[in-house]
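For reference, the structure discussed in these notes is given below.
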Amino acid sequence: ASATPTDKPKREPWMLVVMASTVGFLATVMVNFAVTISMAIHGVGPAVPFLLDQRTLILPTWGFLVPTVWGFNARWLPIFLGLRPLRAMWLYGGLLAAWVVVGAMLSGFSMLAMLLLPVAAIASIMALGVFKRAVQPAKLNGVHRSFPYFVRGAYVWLLVASCLSIFAAVADRQGGIWGASRHALTVGFLATMVFSIGPKILPVFCGARALFSPRLMFAALLLLNVGCTLRVASEILAYERSAPWAWSVLPVSAIVELVAVTCFAANMSLTLMRLPAHLVGQRAAG
């Protein structure tokens, strides 16, 4: 039967996951507001206590940012990387596991929450099939040919972050392992995904421009991952007092990551300064 004006468009799995992540964003704002008010009234200092901070940080990361990336990855990666069709039930399972993690952590069941993090990460990987052989050639037009490898590398960082969180729940003493796990997640997974997908979609969305430099894209991604590796490894060794020399590596990792961000920002800025494709065509015709 043909569609009628009253038929509602079917919401695809990626849409539902992105919509669910906005609920996580709302919850993050509400919890942050409640914690801020509570600290202002009852707190003994300007900083949020360590344990409370650990509990609430799980909400903006695994409750909002990570599911958001999963949702948009479910929309774009099968096309960009030539992957097989999305396995929606695995994606929903990863989202459910992430929500259980958030609930368990906020309720004080930190070990249970950390044990479920790899489950959520693996479910998202199974849903997208990022480590499966592609069924179509990757769409590399306009970007560096290393693009598929860095996208897959981001999911390696997601697994590293989830496993480090378990390690932190068992062995952390000075905050070094917790910090390393968060850095692996925020820089290794989230930032690598932004640096990979951004040069692919932003020029198109902003007037069908051509990326200024695929080589600069590669440099930004390489430096970001080198800096993240240095930071994750040295933070554990430095803060947990296993190797004092690791303190000298931490500022190096920061500088490397800052250069990576600068390369990314410069590449995007120079790209947006270019003429849109239709104006380039008109100028050539004229």
Side-chain angles (χ1 to χ4, degrees), residues 18 21-22 25 28-29 57 60-62 64-73 75-77 79-81 130 138-158 160-161 179-235 249-280 283:
V18 171
S21 70
T22 62
F25 175 69
T28 298
V29 173
L57 280 175
T61 50
W62 288 90
F64 166 51
L65 292 171
V66 172
T68 299
V69 171
W70 289 346
F72 285 112
N73 279 179
R75 174 67 178 88
W76 291 324
L77 291 192
I79 299 172
F80 291 164
L81 300 188
V130 290
K139 297 185 182 301
L140 302 178
N141 50 305
V143 296
H144 197 270
R145 62 181 180 272
S146 64
F147 165 70
Y149 300 103
F150 282 110
V151 170
R152 292 182 170 95
Y155 277 91
V156 173
W157 278 116
L158 183 66
V160 170
S181 67
R182 283 195 296 270
H183 206 80
L185 181 66
T186 55
V187 177
F189 176 63
L190 296 173
T192 296
M193 196 61 69
V194 171
F195 281 29
S196 299
I197 301 294
K200 182 70 176 174
I201 64 172
L202 289 179
V204 177
F205 288 171
C206 297
R209 291 170 166 86
L211 181 67
F212 175 75
S213 174
R215 290 184 178 179
L216 196 56
M217 170 188 174
F218 172 74
L221 281 163
L222 180 62
L223 289 170
L224 184 75
N225 280 267
V226 169
C228 187
T229 301
L230 292 174
R231 172 70 184 223
V232 169
S234 61
E235 189 165 9
V249 179
L250 287 172
V252 175
S253 70
I255 293 172
V256 172
E257 290 181 1
L258 183 59
V259 173
V261 173
T262 304
C263 290
F264 174 77
N267 203 13
M268 291 296 97
S269 299
L270 292 170
T271 297
L272 297 180
M273 291 170 62
R274 285 185 157 187
L275 288 175
H278 68 282
L279 294 180
V280 173
R283 176 174 291 186

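Here the structure is a predicted model, which is why all the values come from computation and not from measurement.
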- Item | Check: E257 and L223 side chains under 4.5 Å, non-hydrogen atoms | no

- Message: Going by the rule ring pair (Phe, Tyr, Trp, His ring centres under 6.0 Å), which residues pair with F147 if we only count those two or more places apart in sequence or in a different chain?
- Response: none

- Task: For the residue pair W76 and F205, categorise the inter-ring angle as parallel (less than 30°), tilted (30 to 60°) or perpendicular (more than 60°).
- Result: tilted

- Under 4.5 Å between any side-chain heavy atoms of F25 and T68, yes or no? no

- Which distance, rounded to the nearest 0.5 Å, do you find between the CE of M193 and the CG of L221? 10.5 Å

- Note on the structure: Separation between CD (E235) and OG (S253), nearest 0.5 Å, reads 8.0 Å

- Heavy-atom nearest pair, N225 first then W157, reads OD1-NE1, 2.9 Å

- Message: Show the nearest heavy-atom pair for residues S146 and H144, with the distance to one decimal.
- Response: OG-ND1, 2.9 Å

- So do F195 and V261 actually touch side chain to side chain, heavy atoms under 4.5 Å? yes

- Message: Are V187 and T192 packed together at the side-chain level, in the sense that at least one heavy-atom pair is separated by less than 4.5 angstrom?
- Response: no

- Within a strict 4.5 Å, meaning less than it, do heavy atoms of the V69 and V194 side chains meet? no

- Note: L190 and T186 closest approach over all heavy atoms is CB-O, 3.2 Å

- Rounded to the nearest 0.5 Å, how far does OH of Y155 lie from CH2 of W70? 8.0 Å

- Item | Test item: L224 and F264 side chains (from C-beta on) under 4.5 Å apart, heavy atoms | no

- Message: I need the L185 CG to L65 CG distance, nearest 0.5 Å.
- Response: 8.0 Å

- Item | Reported CG-to-CG distance for the pair L202 and L272, which is rounded to 0.5 angstrom | 7.5 Å

- Task: Determine whether K200 and L140 make a side-chain contact, defined as any pair of heavy atoms from C-beta on separated by less than 4.5 Å.
- Result: no

- Taking all heavy atoms of A138 and all of P148, pick out the closest pair and write down the distance. CB-CG, 3.9 Å

- Short side-chain to backbone donor-acceptor contact, R209 and R274, under 3.5 Å: yes

- Task: Check whether any side-chain N or O of S21 sits under 3.5 Å from a backbone N or O of V18 as a donor-acceptor pair, and report yes or no.
- Result: yes

- All heavy atoms of G188 vs all of C228, minimum pair found to be N-SG, 3.5 Å

- Calculate, to the nearest 0.5 Å, the distance between atoms CZ and CE belonging to F212 and M268 respectively. 11.0 Å

- Note on the structure: Taking every heavy atom of V232 against every heavy atom of A184, the minimum-distance pair comes out as CG2-N, 3.9 Å

- Close side-chain approach of M217 and V143, heavy atoms under 4.5 Å: yes

